[in-house]
Amino acid sequence: HVQLVESGGGSVQAGGSLRLSCAASGYSYSSYCMGWFRQAPGKEREGVAFIDSLGSTSYADSVKGRFTASKDNAKNTLYLQMNSLKPEDTGTYYCAAAGGRPRGDRWSNPYEYKIWGQGTQVTVS
């Protein structure tokens, strides 16, 4: 049974930091492309960060310079370090495994991903 489980969400003040984790079970995601998404109430799910099998990353313009995606293949865990948080970063954050390697900006398209975690809430006030 393939499963992704996010953790590390919480409530922080603007300017603070959080580190989200995404633990994979049932498969080794070291060869997969992984994405971080977020969804605020009433808004569409948006791509935040992407990391491919070699560790190369891409970010949404809104989080560049503040968020960092990384992974620990030995622990089968994906991370999202979020610094200088802003109220507009508030939302439910999801990790997801892509079905292949999204081309170009398609990494931010949720339809490129086939396995999703349950999400973790981040609130910035």
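The first residue of the sequence shown is numbered 1, and numbering continues consecutively from there.
Note that the CE atom of Met82 and the OG1 atom of Thr68 stand 11.0 Å from one another [nearest 0.5 Å]. Note that SG of Cys95 is 12.0 Å distant from OH of Tyr79, once rounded to the nearest 0.5 Å.
With respect to Lys86 and Asp89, no salt bridge is recorded, no charged nitrogen being found less than 4.0 Å from a carboxylate O.
Counting heavy-atom neighbours within 6.0 Å of Gln13 CD, excluding the residue itself, gives a total of 12 or less. Heavy atoms of other residues, nucleotides or ligands lying less than 6.0 angstrom from CG of Asp105 number 12 at most.
For the pair Tyr94 and Gln39, the minimum side-chain heavy-atom distance is below 4.5 Å. Counting heavy atoms from C-beta outward, Trp36 and Glu6 have side chains that approach closer than 4.5 Å. Within the 4.5 Å cutoff, no side-chain heavy atoms of Ser108 are placed close to those of Phe50. Two residues are said to be in side-chain contact when any heavy atoms from C-beta on lie closer than 4.5 Å; Cys33 and Pro102 meet this criterion. By the 4.5 Å heavy-atom criterion applied to side chains, Ile51 and Tyr32 are not counted as neighbours. At least one side-chain heavy atom of Arg38 sits under 4.5 Å from a side-chain heavy atom of Val63. Side-chain contact between Ile115 and Gln3: absent, with no pair of heavy atoms (C-beta onward) separated by less than 4.5 Å.
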Run the side chain to side chain contact (heavy atoms under 4.5 Å, CB included) test on Trp107 and Tyr59 for me, step by step, so that the C-alpha distance in whole Å, both residues' side-chain angles and the decisive distance to 0.1 Å come before the verdict. CA-CA 9 Å; Trp107 69 263; Tyr59 300 94; 5.5 Å; no
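Grouping the Ile, Leu, Val, Met, Phe, Trp and Tyr side chains by contacts below 4.5 angstrom, directly or via other members, places Leu80 with Leu85. Follow the hydrophobic side-chain contacts under 4.5 Å out from Met34 and you reach Val48 in the same cluster. At a threshold of 4.5 Å between side-chain heavy atoms, the hydrophobic network of Ile, Leu, Val, Met, Phe, Trp and Tyr places Leu20 and Val124 in one connected group. Both Tyr93 and Leu4 sit in one connected hydrophobic cluster of ILVMFWY residues. Membership requires side-chain heavy atoms under 4.5 Å apart, directly or through other members.
The shortest non-hydrogen separation linking Leu78 to Lys71 is CD1-CB, 4.0 Å. Minimum heavy-atom separation, Pro110 to Arg45: CG-O, 4.0 Å. Nearest approach of Val5 to Gln118, heavy atoms of both residues: CA-OE1, 3.6 Å. Nearest heavy atom pair, residue Ser17 against residue Asn83, reads OG-OD1, 2.9 Å.
Side chain of Lys64 to backbone of Ser58: no donor-acceptor contact under 3.5 angstrom is found. Between the side chain of Tyr111 and the main chain of Arg106, no donor-acceptor pair closer than 3.5 Å is present. In this structure, the side chain of Asn73 does not engage the main chain of Asn76 through any donor-acceptor pair within 3.5 Å.
The aromatic ring centroids of Trp116 and Phe37 lie less than 6.0 Å from each other.
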